[in-house]
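Let me begin by presenting the structure, written as structure tokens, before commenting on it.
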Amino acid sequence: MEGGKRSAEKLAEEAAAKAGEMLHEAQAFERADLQETEREWHDQLANDARELKVDVARDAARARQAVEDVRHPSHLAKAAQEHLREAGEGLEHAAKVAADPAELVADAKEAALRRKERFAETSAEIASELTSPSDAKRLPVVLKVLGGLLIAGCVYLLPFIGRAIWDSAAMLRSGAMSQDGISTIVVTFLHLAAMLLLAVTFIVFGARLIRNQRRWAAVLSYGLYVLIVLGALCSIMLRGIDLHLVFYLMALVVVIALQSYLDPTLLEERRRYRKRRQLEERKEGEEGVLGRDLTGKGYIALNFFNLFWIFVVASMVGLLVEELFHYFVVVPGQWQDRAGLLFGPFSPIYGCGAVLMTVLLNRFHKSNPIVIFFVAAVIGGAFEYFTSLFMQYAFGAVAWNYTGMWLSIGGRTCGLFMAMWGLLGLVWIRLLLPFVLHVVNLIPWNWRYGITTVAAALMLVDAVMSLQALDCWYMRLSHDPVQTPIQQFYAEHFDDAFMADRFQSMTIDPGSAVRNG
């Protein structure tokens with residue numbers, strides 16, 4: 001007992017000594033901090049005093065000068081004479097120029113030369129941005145031949161495109177297109193404009209190939225992507241799913257294949273980035289932060305892996321929410337299948353909406369909830385509107401109609417559902433996105449690319465078959481003969497009864513599609 005007592009006393013003494021030591025250190029730190037603060041205040045006051053002294057001296061000098069001018073009017077007269085002399089020199093120069101215009105021309109030439117030099121410097125700077133060391137590497141002859149073929153082919157097609165535009169305009173003026181409807185007319189001219197711009201861009205692209213300007217060609221490829229996709233969408237609305245789309249598909253594949261080859265620096269950058277990311281992803285996967293935007297600019301990294309799984313999860317969750325809303329609110333007790341693809345519990349409009357929300361709101365995940373709500377409402381409403389427009393113009397399909405509802409815009413979207421998009425966007429960014437990221441992180445980092453590739457391929461097949469099935473359904477309802485093997489396949493395996501049961505919320509009116517006027 002006595003030994004334990006001594007041990008406790010010893011521990012108490014040590015604790016007291018340590019506490020005293022810490023108190024002494026804290027006091028020393030506070031004293032040092034106070035001294036530092038006093039020095040800063042002293043320096044600031046000294047600087048302010050010096051600046052005040054300079055200002056007072058300057059004002060005093062101005063006051064003395066004013067008093068001196070008042071005492072000696074000759075100073076004012078001298079200043080006035082100086083101003084008159086300068087004005088006289090200006091008048092003399094103007095008279096000289098009037099007498100000898102060559103001087104004025106020489107001055108104008110000199111000013112134009114200076115502007116030309118500045119323009120040349122700016123042009124050189126822009127050109128340096130659009131060139132790279134890879135431009136010194138000569139392209140293979142086959143690519144230069146391809147460039148020549150592109151120029152020749154597009155130059156050959158330009159008169160036909162111009163003639164089509166002229167004939168369409170003439171038909172519009174004569175009233176021959178009046179039976180087609182405004183939607184058909186708009187899409188027709190949009191398609192012709194896309195074809196014209198695509199041909200001109202391919203001519204420029206081919207010229208860049210011939211001149212070995214790799215970086216220029218690589219930059220032009222981004223514009224080609226947009227025009228190819230726009231042309232394909234217009235073609236679907238005008239003709240449906242047919243062989244015309246093969247041209248757009250081949251053009252897209254060729255441009256994608258060429259882009260990386262044209263500018264090897266881009267390919268090398270991608271390779272270095274991929275190797276570095278593999279090491280980083282392994283570390284992030286082990287730490288459980290895979291997929292986060294570690295730069296702090298946004299919440300999630302906007303890469304294909306993350307966006308694809310966001311699309312999948314949101315397509316499933318959105319479908320479930322819509323079906324529950326219909327069951328409990330719209331028609332209580334009636335369950336309706338509202339899937340948007342042939343196979344699987346997916347509604348792609350919610351998947352695409354979630355991807356748009358993520359891309360556009362990623363940097364604002366910490367913003368005011370009201371801002372997120374209104375931005376998400378506008379994004380969702382606009383996406384819903386244009387999706388409805390495309391489905392009706394392409395296939396005569398109507399999956400929702402909000403006519404008569406509050407703030408209805410053509411029945412394609414309305415205030416209530418825009419508010420729901422806003423609420424969903426807010427819940428998505430603040431609550432569901434972290435959960436989705438956590439779920440995605442459950443996929444082992446070394447399996448993620450294999451699983452994602454297989455899943456993406458299956459989803460692509462599902463989407464393509466869904467579009468083909470809708471197109472064949474549309475043609476059957478239009479009483480078009482079933483002739484091609486593709487039409488026969490879908491008529492046998494996905495007939496009208498199957499499509500009506502699968503897409504229970506969708507109706508098709510062939511007369512409202514663009515291709516039927």
Side-chain angles (χ1 to χ4, degrees), residues 299-300 302 304-331 335-362 365 372-392 394-395 397-402 405 409 411-440 452 455-456 458-467 470 502-506:
Y299 179 79
I300 192 171
L302 299 177
F304 176 78
F305 175 80
N306 286 338
L307 295 179
F308 172 76
W309 288 109
I310 284 173
F311 171 83
V312 172
V313 173
S315 296
M316 298 172 68
V317 174
L319 176 64
L320 178 61
V321 171
E322 184 176 353
E323 290 180 343
L324 291 175
F325 181 78
H326 183 273
Y327 182 82
F328 289 107
V329 178
V330 180
V331 184
W335 186 267
Q336 186 180 60
D337 187 357
R338 304 182 72 85
L341 295 177
L342 274 182
F343 308 105
F346 305 111
S347 181
I349 187 171
Y350 292 102
C352 293
V355 170
L356 279 175
M357 297 287 183
T358 304
V359 171
L360 298 177
L361 295 176
N362 191 41
H365 66 282
I372 296 177
F373 173 84
F374 280 106
V375 173
V378 172
I379 294 171
F383 176 70
E384 190 174 38
Y385 181 89
F386 286 107
T387 300
S388 171
L389 196 71
F390 172 75
M391 291 297 294
Q392 182 176 350
F395 306 108
V398 177
W400 58 85
N401 188 352
Y402 304 139
M405 298 184 69
I409 305 177
R412 305 185 190 280
T413 189
C414 67
L416 174 62
F417 283 91
M418 288 178 68
M420 292 182 65
W421 276 107
L423 182 61
L424 285 173
L426 179 60
V427 172
W428 173 259
I429 292 296
R430 287 296 180 86
L431 299 178
L432 293 181
L433 188 57
F435 173 74
V436 171
L437 187 62
H438 173 72
V439 172
V440 171
T452 303
L458 293 175
M459 186 64 73
L460 181 61
V461 170
D462 195 359
V464 171
M465 289 189 67
S466 298
L467 288 174
L470 282 174
R502 178 59 179 172
F503 302 102
Q504 295 177 10
S505 64
M506 183 182 297

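One is the number of the first residue; the rest follow in order along the sequence.
Looking at F373 and L424, their side chains never come closer than 4.5 Å, going by heavy atoms from C-beta outward. F374 places none of its side-chain heavy atoms less than 4.5 Å from the side chain of L426. At least one side-chain heavy atom of M506 sits less than 4.5 Å from a side-chain heavy atom of L470. Taking the side chain as every heavy atom from C-beta outward, W309 and F305 approach each other to under 4.5 Å. The shortest distance between side-chain heavy atoms of F383 and I349 falls below 4.5 Å. Looking at heavy atoms from C-beta onward, M391 lies out of side-chain contact with V398 at the 4.5 angstrom threshold. The shortest side-chain heavy-atom distance between P348 and F311 falls under the 4.5 Å cut-off. With contacts defined as side-chain heavy-atom distances shorter than 4.5 Å, the pair M465/F343 qualifies.
M459 approaches V312 most closely through the heavy-atom pair CE-CG2, 4.0 Å. The shortest heavy-atom contact between A456 and F304 is CB-CZ, 4.0 Å. Between D337 and Q504, the shortest heavy-atom contact is N-OE1, 3.0 Å. Of all non-hydrogen atoms in L319 and P345, the two that sit nearest each other are CD2-C, 3.3 Å. Taking both residues in full, the closest heavy atoms of T413 and M418 are given as OG1-CG, 3.5 Å, listed atom of the first, atom of the second, then distance. Among all heavy-atom pairs drawn from G422 and A376, the shortest one is CA-CB, 3.8 Å.
The distance from the CG atom of L467 to the CG atom of L341 is 8.5 Å, given to the nearest 0.5 Å. Separation of atoms CZ (R502) and OG (S466) is listed at 8.0 Å; rounding is to 0.5 Å. Distance CH2/W428 to CD1/I310: 5.5 Å, rounded to 0.5 Å. Atom CD1 in I379 sits 7.0 Å away from atom CG in L356 (nearest 0.5 Å). N401 CG to Q392 CD: the interatomic distance, rounded to the nearest 0.5 Å, is 9.0 Å.
Side-chain contact check for Y350 and E322: at least one donor-acceptor pair (N or O, by modelled atom type) lies under 3.5 Å. Using a 3.5 Å distance cut-off with no hydrogens or angles, the side chains of W400 and S505 do not pair a donor with an acceptor.
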> What do the steps show when you test L361 against I372 for side chain to side chain contact (heavy atoms under 4.5 Å, CB included), and what is the final call?
Replying inline: CA-CA 7 Å; L361 295 176; I372 296 177; 4.1 Å; yes
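Each of V436, I429, T358, L307 was evaluated against I300; a single residue qualifies, T358, per the side-chain contact (heavy atoms from CB on, under 4.5 Å) test.
Between R338 and E323, no side-chain nitrogen of the basic residue sits less than 4.0 Å from a carboxylate oxygen of the acidic one, so the salt-bridge criterion is not met.
Ring geometry for Y402 against F417 counts as parallel: the plane angle stays under 30°, on a 0 to 90° scale with 60° as the upper cut.
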